[in-house]
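A short write-up of the structure that comes next.
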Amino acid sequence: PLHYSGDAPVRRASDDVSGSFADMLNGALAKTNDLQVDAEGLMRRMVTEPESVDIHQVMVATQKAEIALGLTKAVRDGALNAYRELMNLR
């Protein structure tokens, strides 16, 4: 990011909370997406090549993806509720 003067870039400190929180959220969303994609791929393989994948692998991958998505929704709802509360303080 640049200062408003546009001259010198702003350097983040290694302990910058906002940057690390944003990175953590992006990483968590990427992990949730990866779990969804992996579960869907295993389900497709289960349908097209039933001998190549074990039903237990498919079920475990599906449950992991479902739990991750549920947690992601809960975090989103909590963040939205916190934002709404902050807006109501004004």
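Numbering of residues begins at 1 and proceeds along the displayed sequence. The model shown is predicted, which means the values in this text are computed figures rather than measured ones.
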Nearest non-hydrogen partners of A39 and A65, listed with the distance: CB-CB, 4.1 Å
Shortest non-hydrogen contact from L69 toward Q36: CB-NE2, 3.6 Å
Name of the residue among M43, R44, M46 meeting side-chain contact (heavy atoms from CB on, under 4.5 Å) with V53: M46
Residues which pass side chain to side chain donor-acceptor pair (under 3.5 Å) with R45, listed by chain and number, not counting sequence neighbours: none
Spatial distance of atom CD (Q57) from atom CD1 (I55) [nearest 0.5 Å]: 10.0 Å
Reference residue L42; test side-chain contact (heavy atoms from CB on, under 4.5 Å); the match among V47, V60, D54, V58: V58
CE on M24 to CG on N26, rounded to 0.5 Å: 9.5 Å
With sequence neighbours excluded, residues passing side chain to side chain donor-acceptor pair (under 3.5 Å) with Q63: none
Euclidean distance, E66 CD relative to L35 CG, rounded to 0.5 Å: 12.0 Å
Pairing residues for T62 by the side chain to side chain donor-acceptor pair (under 3.5 Å) criterion, not counting sequence neighbours: none
Exam field: side chain N33 to backbone L29, donor-acceptor pair closer than 3.5 Å: no
